[in-house]
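To keep things clear, I will list the structure first and then write my remarks on it.
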Amino acid sequence: THNLPPGLEYLNQLDQIIIHQQVELLEAILGTKTSSKYEIKNHLGQRVYFAVEENDCFDRNLCSPLRSFTIRIADNTGREVITVNRPLRCNSCCFPCFLQELEVQSPPGTIAGYVLQNWDPFRPKFTIQNESKEDVLKIIGPYTTCGCFEDVDFEVKTLNEMSTIGKISKYWSGFVNNVFTNTANFGIEVPVDLDVRIKAVMIGACFLIDLMFFENSLDGL
């Protein structure tokens, strides 16, 4: 563990990560977009990290799911351990040369890996890359992200897409919660022995999936 990025030692023990968005009162009442804040927990519900999105009011309210952002993830001592950067890019399958990508750093300033959207006319697809931009895993979503009162699963697969080794799930948590607060609750399941840097990249992929497919939806309805 002495070779792990500072602050990621705890991820070495986890095969399940829960991400819970904290609801801002102003956003819940007025519908005004505020900076997103998240708690990142283990399977027992214990907080491991917390995350804050950084961007400006223009991006949040006008660009919405397309917006660029920096998400800073800190441990329980307040030390920043992961930085997630998303540039402003197109969100349409009609522009396959300008699709989504995400950069994850851990520690901040050191590349841990990337998330790249792959062009596909029918299903959401992403590639997880390591710090050297080598392909490591695939993420493949369902044909529709409308869960109809159930969870929505994005499968984590090997590069040949033949084996499923985990998933990123958008949890459906009820009509009142979803419609009136639009809160996000996700679960990440990966092999416990997966490189902690790639686990950090998977957290970044979760944020990207949330903005692309659930930011302005009824979250599973």
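Note that the coordinates shown come from a computational prediction; the quantities given were computed from them, not determined experimentally.
- Note that the CG atom of Asp210 and the CD atom of Gln21 stand 6.5 Å from one another [nearest 0.5 Å].
- Taken from CD in Gln129 to CD in Glu103, the straight-line distance is 11.5 Å, to the nearest 0.5 Å.
- Both Leu4 and Val104 sit in one connected hydrophobic cluster of ILVMFWY residues. Membership requires side-chain heavy atoms under 4.5 Å apart, directly or through other members.
- Residues that satisfy the ring-ring contact (aromatic ring centres under 6.0 Å, His included) test with Phe207, not counting sequence neighbours, are Tyr38.
- Within the 4.5 Å cutoff, the side chain of Tyr114 has heavy atoms near those of the Lys133 side chain.
- Here the rule is side chain to side chain contact (heavy atoms under 4.5 Å, CB included) with Ile73, and of Val48, Ile203, Val52 only Ile203 fits it.
- The distance between the ring centers of Phe126 and Phe154 does not fall below 6.0 angstrom.
- Here the side chains of Thr158 and Ile165 are in contact, with some heavy-atom distance below 4.5 Å.
- Side-chain contact check for Asn76 and Arg47: at least one donor-acceptor pair (N or O, by modelled atom type) lies under 3.5 Å.
- Looking at Glu53 and Ser36, their side chains do bring a donor and an acceptor atom within 3.5 Å of each other.
- Under the 4.5 Å side-chain heavy-atom criterion for ILVMFWY residues, a single connected hydrophobic cluster contains both Leu102 and Val136.
- Hydrophobic clustering places Ile17 together with Ile71 (ILVMFWY residues linked when any side-chain heavy atoms are closer than 4.5 Å, directly or through intermediates).
- Taken from CD in Glu155 to NZ in Lys157, the straight-line distance is 4.0 Å, to the nearest 0.5 Å.
- Here CG of Leu137 is found 6.0 Å from CG of Leu194. Values are rounded to the nearest 0.5 Å.
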List the steps, then state whether side-chain contact (heavy atoms from CB on, under 4.5 Å) holds for Gln13 with Asn42.
CA-CA 10 Å; Gln13 311 168 37; Asn42 62 19; over 6 Å; no

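- A donor-acceptor pair is defined here as one N or O able to donate and one able to accept, closer than 3.5 Å; no such pair exists between the side chain of Tyr10 and the backbone of Tyr49.
- In this structure, the side chain of Lys199 engages the main chain of Leu14 through a donor-acceptor pair within 3.5 Å.
- In this structure, Arg123 contributes its side chain and Gly141 its backbone to a donor-acceptor pair below 3.5 Å.
- Here the CG atom belonging to Asp75 is positioned 10.5 Å from the CD atom belonging to Glu80, to the nearest 0.5 angstrom.
- Checked options Asn130, Val115, Asp195; the residue passing with Val201 is Val115 (criterion: side chain to side chain contact (heavy atoms under 4.5 Å, CB included)).
- The hydrophobic cluster containing Leu11 does not contain Phe50, counting ILVMFWY residues as joined when their side-chain heavy atoms lie under 4.5 angstrom apart, directly or transitively.
- Atom CD of residue Glu134 and atom CD of residue Glu131 lie 7.5 Å apart, to the nearest 0.5 angstrom.
- Proximity of a side-chain donor or acceptor of Ser106 to a complementary backbone N or O of Val81 within less than 3.5 Å is detected.
- Proximity of Gln105 to Thr110: side-chain heavy atoms (C-beta onward) are nowhere separated by under 4.5 Å.
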Please report the C-alpha distance between Asp120 and Asn118 in whole Å, then the side-chain angles of each, then the deciding distance to 0.1 Å, and finally whether the side-chain contact (heavy atoms from CB on, under 4.5 Å) criterion is met.
CA-CA 6 Å; Asp120 189 279; Asn118 305 133; 6.0 Å; no

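- Hydrophobic clustering, with ILVMFWY side chains joined whenever heavy atoms are under 4.5 angstrom apart, keeps Phe186 apart from Ile140.
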